[in-house]
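Here is the structure we will look at.
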Amino acid sequence: MDLPLGLGAPGAAFLLVAVLGAAIVRGFAGFGFSALVVSAAGFVGDPMRAVPVVLFCEVVMTLQVARGIVADIDWVRVGCLLIGALIGLPIGLSFLLAIGVDGARAAISVFILGICILLVSGWRLRRALGALGNVGLGLVSGVANGAAMAGLPVAAAMSAQPIPPRVFRATLIVYFAALDLLSLPVMWRAGLIGRDTVLAALATMPVLLLGNGLGQWGFARSRPAGFRLIAVALLASLASMGLGKAVLGHV
């Protein structure tokens, strides 16, 4: 029997392990799933074919934890981020056409690594961003979406603000799910979603739900200081992966 996305058995097994690990990370930190799975997909096939599958998975994981996070969501922040993202999405496409996906990925990765260095050094914003600041942050996220890195600027900026970990995580989860829901119709109209997409998403469900549940269990037992440190380390790792991918793309 043919496997979805043109994968052989070894490739499919590798991706299921990657999905499990990425789901644990996402369940704990609230971000990182898409970047990890799409990067892993690049080792066994065309990573672009995995993108719509990843978007479906993000929405499912949000539904899985919705009951436990709804009280912690900063809805005003989510709304402001989405307004900015909608403005930034077409700008991101122009940016991508101007400098190419590798150039965009390298620029964003260097920017995120710079923020991580500042965070490790002890730098923090004294106050959380207001409505205008979050619209601006959403705009940056929308621009970064052209290089499939929409989540990193938001996670980095929120790590620098005095935001409780539960609010940080819940707000990120809902923002990314909303952004994914906006992206799915665009991908469907572009012919990127089909039978294989649905089959691949269904095949990931057992390991996806298991990993997300394990990550949520770990978050519930984490300390605020430890959570922030892990979030910064994850950001630096994802940015380094993006930079490495950009450099290798030019080799």
(message) Are Met158 and Leu129 packed together at the side-chain level, in the sense that at least one heavy-atom pair is separated by less than 4.5 angstrom?
(response) no
(request) Report yes if the side chains of Thr62 and Arg26 come closer than 4.5 Å at any heavy-atom pair, otherwise no. (result) yes
(request) Give a yes or no on whether the backbone of Phe168 and the side-chain of Thr171 come within a donor-acceptor separation of less than 3.5 Å. (result) no
(request) Using a cut-off of 6.0 Å, state whether more than 12 heavy atoms not belonging to Leu132 lie near its atom CG. (result) no
(request) Please examine the side chains of Phe31 and Leu235, heavy atoms only from C-beta on, and report whether any two atoms are closer than 4.5 Å. (result) yes
(request) Check whether any side-chain heavy atom of Leu86 lies under 4.5 Å from a side-chain heavy atom of Leu182, and answer yes or no. (result) yes
(message) Taking side chain to side chain contact (heavy atoms under 4.5 Å, CB included) as the definition, give me every residue that meets it alongside Ile115, ordered by chain and number, with sequence neighbours left out.
(response) Phe111, Leu119, Ala156
(request) For residues Cys57 and Val19, determine if any side-chain heavy atom of one lies less than 4.5 Å from a side-chain heavy atom of the other. (result) no
(message) Please check if the number of heavy atoms outside Arg195 that lie under 6.0 Å from its CZ is greater than 12.
(response) no
(message) I want to check something: taking the side chain as every heavy atom from C-beta on, are Phe227 and Phe28 in contact at a cut-off of under 4.5 Å?
(response) yes
(message) Return the CG to CD1 distance between Leu36 and Ile24, rounded to the nearest 0.5 Å.
(response) 11.5 Å
(message) Would you say that Ser34 contacts Glu58 through its side chain, given a criterion of any heavy-atom pair below 4.5 Å between the two side chains?
(response) yes
(message) Could you work out, with side chain to side chain donor-acceptor pair (under 3.5 Å) as the rule, every residue matching Ser183, not counting sequence neighbours?
(response) none
(request) Tell me, please, which residues at least two apart from Arg77 pass salt bridge (charged side-chain N to carboxylate O under 4.0 Å, His left out). (result) Asp74
(message) Quick check: do Ser222 and Phe219 have side-chain heavy atoms less than 4.5 Å from each other?
(response) yes
